[in-house]
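If you're wondering where the values come from, they're calculated on a predicted model, not measured in any experiment.
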Amino acid sequence: QVQLVESGGGLVQAGGSLRLSCVVLGRTFGWYPMGWFRQAPGKEREFVAAVSWNGGSSSYADSVKGRFTISRDNSMNTVYLQMNSLKPDDTAVYYCASAPRYSDDEGGYNTWGQGTQVTVSS
């Protein structure tokens, strides 16, 4: 019954920034670790970033370290992905997901949003 809804995607030129949001709708027994994943055309879905249930820990794919920041505001039921210095290779559908345990493995996540498109032009 819990639903994740992503927003904030769009078209941006290389070097620009976007902030994605993931809102958790519905009741839950508690907050879980959250992650962001992305899938580019013709490629497999890949891990981008993860944050622990209380925001105390985070991890990133090597390709986005130093450029992307994951955060959460549990009082607003929202997880964010701040994306700076965007590159054309960042073009993908970005998905928000929750997991029972902190993980960077797609298989560890059991609830997914529908995704939001990010397109970075060269």
Side-chain angles (χ1 to χ4, degrees):
Q1 294 183 354
V2 174
Q3 184 180 7
L4 308 180
V5 181
E6 304 97 333
S7 63
L11 175 64
V12 64
Q13 292 186 340
S17 298
L18 287 173
R19 187 173 79 158
L20 306 183
S21 298
C22 173
V23 178
V24 181
L25 303 177
R27 292 184 178 273
T28 179
F29 292 108
W31 285 98
Y32 293 92
M34 303 289 291
W36 286 97
F37 295 79
R38 67 187 183 185
Q39 187 168 26
K43 296 184 178 180
E44 296 182 352
R45 187 155 58 189
E46 65 177 353
F47 169 78
V48 176
V51 63
S52 60
W53 74 272
N54 62 356
S57 299
S58 61
S59 58
Y60 300 89
D62 288 342
S63 60
V64 305
K65 286 181 179 178
R67 299 189 299 121
F68 291 10
T69 303
I70 188 171
S71 62
R72 68 192 302 162
D73 184 347
N74 288 353
S75 68
M76 296 295 293
N77 305 311
T78 304
V79 179
Y80 303 97
L81 184 68
Q82 178 67 46
M83 305 185 295
N84 298 326
S85 301
L86 283 163
K87 305 174 181 179
D89 285 347
D90 295 319
T91 295
V93 177
Y94 283 71
Y95 298 90
C96 177
S98 65
R101 297 179 179 179
Y102 186 70
S103 175
D104 61 359
D105 185 350
E106 178 178 344
Y109 291 78
N110 53 25
T111 303
W112 295 80
Q114 294 299 306
T116 184
Q117 176 71 48
V118 172
T119 302
V120 184
S121 62
S122 60

- Query: Is a donor on one side and an acceptor on the other found under 3.5 Å between the side chain of Glu6 and the backbone of Gly115?
  - Reply: yes
- Are the side chain of Asn74 and the backbone N or O of Trp53 linked by a donor-acceptor pair below 3.5 Å? yes
- Same cluster (ILVMFWY, side-chain, under 4.5 Å), Val79 and Tyr95: no
- Applying the 4.5 Å side-chain criterion to the ILVMFWY set and letting contacts propagate, would Tyr94 and Val5 be lumped into a single cluster? no
Could you tell me the separation between the [atom1] atom of [X] and the [atom2] atom of [Y], rounded to the nearest 0.5 Å?
X: Arg38; Y: Arg45; atom1: CZ; atom2: CZ; result: 13.5 Å
X: Cys22; Y: Arg72; atom1: SG; atom2: CZ; result: 9.0 Å
X: Tyr32; Y: Arg101; atom1: OH; atom2: CZ; result: 12.5 Å
X: Thr91; Y: Gln117; atom1: OG1; atom2: CD; result: 7.5 Å
X: Lys87; Y: Arg67; atom1: NZ; atom2: CZ; result: 4.5 Å

- Let me know which of Ser58, Ser59, Ser52 forms a side chain to side chain donor-acceptor pair (under 3.5 Å) with Tyr102. Ser59
Looking at every heavy atom in both [X] and [Y], which two are closest together, and how far apart are they?
X: Asn84; Y: Ser17; result: OD1-OG, 2.9 Å
X: Thr78; Y: Ser21; result: CG2-CB, 4.2 Å
X: Phe47; Y: Ser103; result: CE1-O, 4.2 Å
X: Leu4; Y: Cys96; result: CD1-O, 3.8 Å
X: Gly8; Y: Thr116; result: N-OG1, 4.2 Å
X: Tyr109; Y: Pro33; result: CE2-O, 4.5 Å

- Task: Please indicate whether Gln114 has more than 12 foreign heavy atoms, meaning atoms of other residues, nucleotides or ligands, lying under 6.0 Å from its CD.
- Result: no
- Result of checking Asp90, Leu81, Leu86 against Leu18 for side-chain contact (heavy atoms from CB on, under 4.5 Å): Leu86
- Query: Can you name the residues that form a side-chain contact (heavy atoms from CB on, under 4.5 Å) with Arg19, not counting sequence neighbours?
  - Reply: Tyr80, Gln82
- Got a sec, which residues hit side-chain contact (heavy atoms from CB on, under 4.5 Å) with Lys65, two or more places apart in sequence or on another chain? Tyr60, Asp62
- Query: Do Asn110 and Pro100 come within less than 4.5 Å of each other through their side chains, counting heavy atoms only?
  - Reply: yes
- Task: Answer whether the closest heavy-atom distance between the side chains of Val12 and Met83 falls below 4.5 Å.
- Result: no
- Query: Hey, what's the ring geometry for Phe37 with Trp112, parallel, tilted or perpendicular (30° and 60° as the breaks)?
  - Reply: tilted
- Would Phe68 and Trp36 count as a close aromatic pair, with their ring centres under 6.0 Å? no
